[in-house]
Protein chains: 2
Amino acid sequence: MSSPRPRIPEATVARLAVYLRVLAGLADGGRSNVSSGELASAAGVNPAGLRKDLSHLGPCGIRGVGYEVATLRDRIARVLGVERSRPCVLVGIGNLGTALADYAGFGSRGFRFVGLFDAAPARVGQRIGGQPVRPMTELAEVVAATGATIGVVATPADVAQSVCDRLTAAGVRSILNFAPVALSAPDGVDVRQVDLSVELQVLAFLGQQRGTTVEVTA
Amino acid sequence: MSSPRPRIPEATVARLAVYLRVLAGLADGGRSNVSSGELASAAGVNPAGLRKDLSHLGPCGIRGVGYEVATLRDRIARVLGVERSRPCVLVGIGNLGTALADYAGFGSRGFRFVGLFDAAPARVGQRIGGQPVRPMTELAEVVAATGATIGVVATPADVAQSVCDRLTAAGVRSILNFAPVALSAPDGVDVRQVDLSVELQVLAFLGQQRGTTVEVTA
DNA sequence: GCGACTTTGTTCCTGCGTTCACAAGCGGTT
DNA sequence: AACCGCTTGTGAACGCAGGAACAAAGTCGC
């Protein structure tokens, strides 16, 4: 009703997550106040842009002083919807999947894996980070029981679409995909793609361009 | 000189890498021709946008027919600078680093790891994907000997900046950073950040927004 | 040989994101 | 109590990316 929340640009949301991480670190370090300049420097962005990002949350700083670390952290966390830990499921417990399941950073950022799944019988039953790997047959059951709305796909490319279908059928609404394929999901389901080799190739291009600024050997 | 190559937008470069992957798959499947519509569908983008991206390479299609798969693939690979395999070094052989070192996808995308490094003595000497983990003291030597220009950082956040400094000092010009900190590098060095928890938090926000379109329980 | 269809390459336009620069507000000081 | 410096928040301009529509060009069928 009285929520002045027209919409927050997606690029801003991504940066808010970065600010949140920096603020959490500052709070742990005992800091109570920060200026936009210092925060922007730590996050690697422009100070004016940071203030504009924060303006989407309404006024949350004190002019002449700066921002209160704990207050700003909590407000960003609430806006992002990570004040409470969110249940996620992870499919594909290969090298990357194992790394993700073990990554402690997720736990402190408002996410917890409530189910690890793999199609290979050899993987099922292994324990990773204190959790057992389950067979794919239990996917729908676990999603329903835990209310998980986020699924992470770390499978080979050839089965990623099939896994995506099963996740959405089970009720997952958001998917983070590490497999190098474009997934198609029904309307109402958000898919984000993380492609590691694309990142490397962009770097390769930038590096090459730096070497051959305009000159090209025809 | 006669190179009509003013500049290619970075967003286009990232999509070119995706097209390259799709084209490689089509070529492996025996396909010889593709239309922009089909290619765009497989890459998950708009057909008109795809044609605009490709127009940066100069005319490379045949009107009324489409694109020749092998030709287009090779041209994109040449523009991205991945026609020949590029040597990379990887620092931080934890769970994620091991997954990256083992990931076969890099090899087929024009990248090979010529050095795996870790500061922990317990890790040094282990073999991963046929390569030994080396101590950090050998970093500069290996970079110089192999001519590696790309470094991947998969260390904990608190040492990432120090690793970045050592990489740049050794001559690395491009850095892909998985640690959740903003790295500062000298001018002339490109840094790309991949932050897994940021991706999850964006998903969480989008999912939450979907639930509470305008209504908020105050 | 000619026409029609298909598909590319390009152009325009709309909207978004980013940056710069200024006004408003608060704390500390005299 | 009034002034001064510092920092936030906002308004405007610039540049870029994305999408739709149109023209050029080549192929297939007759």
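To find a chain, count down the sequence lines: A is the first, B the second, and so on, and within it residues start at 1.
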According to side-chain hydrogen bond (donor to acceptor under 3.5 Å, both in side chains), does anything in residues 84-94 of chain B pair up with another residue at least two apart or in another chain? List the pairs. B:S85-B:R112
Which parts of residues 29-44 of chain A get close to DNA chain D, meaning a heavy atom less than 4.0 angstrom away? A:S35, A:S36
Looking at B:R73, I'd like to know if its CZ atom is crowded, meaning that more than 12 non-hydrogen atoms belonging to other residues, nucleotides or ligands lie closer than 6.0 Å. yes
Between C:dT7 atom C1' and B:Y67 atom OH, what is the distance in whole Å? 8 Å
Can you tell me how far P of C:dC16 sits from CG of A:D53, to the nearest Å? 16 Å
Is it true that A:E38 and A:R31 make a salt bridge, defined as a side-chain N closer than 4.0 Å to a carboxylate O? yes
Per-nucleotide protein contact string for nucleotides 21-26 of chain C, where B marks a base within reach and S marks sugar-phosphate only (heavy atoms under 4.0 Å, - for neither): ---BBB
Do A:L20 and A:L72 come within less than 4.5 Å of each other through their side chains, counting heavy atoms only? no
How many whole angstroms separate atom CD of A:E10 from atom P of D:dA17? 17 Å
Show me the pairs that pass ring-ring contact (aromatic ring centres under 6.0 Å, His included) and involve residues 160-205 of chain A, at least two apart or across chains. none
Is there a side-chain contact between B:V69 and B:N33 in this structure, where contact means two heavy atoms from C-beta onward sitting under 4.5 Å apart? no
So, do A:V152 and A:V89 sit near enough that their side-chain heavy atoms are less than 4.5 Å apart? no
Does the side chain of B:L167 reach to within under 4.5 Å of the side chain of B:V91, using non-hydrogen atoms? yes
For DNA chain C, which residues in residues 16-28 of chain A have a heavy atom at a distance below 4.0 Å? none
Separation of B:E68 atom CD from C:dT8 atom C1', in whole Å? 15 Å
Kindly say if A:R15 contacts the phosphate of C:dG17, meaning a side-chain N or O under 4.0 Å from OP1 or OP2. no
Atom-to-atom span, CG of B:L54 to P of C:dT7 - whole angstrom: 16 Å
Of all residues at least two apart in sequence or in a different chain, which pass the ring-ring contact (aromatic ring centres under 6.0 Å, His included) check with B:F106? B:Y103, B:F113
Give the C-alpha distance, both sets of side-chain angles, the deciding distance and a yes or no for side chain to side chain donor-acceptor pair (under 3.5 Å) between B:S36 and B:R51. CA-CA 7 Å; B:S36 66; B:R51 292 199 296 272; 3.1 Å; yes
A:R75 (side chain) donor-acceptor with A:L57 (main chain) under 3.5 angstrom: yes
Of A:G58 and A:K52, the one whose nearest nucleotide on DNA chain D sits closer to the 5' end is A:G58
Rounding to an integer number of Å, can you tell me how far B:N46 CG sits from C:dG15 C1'? 15 Å
Need one value for A:G61: base, sugar-phosphate or nothing, where a base atom within 4.0 Å counts as base even if backbone is also close, heavy atoms only. sugar-phosphate
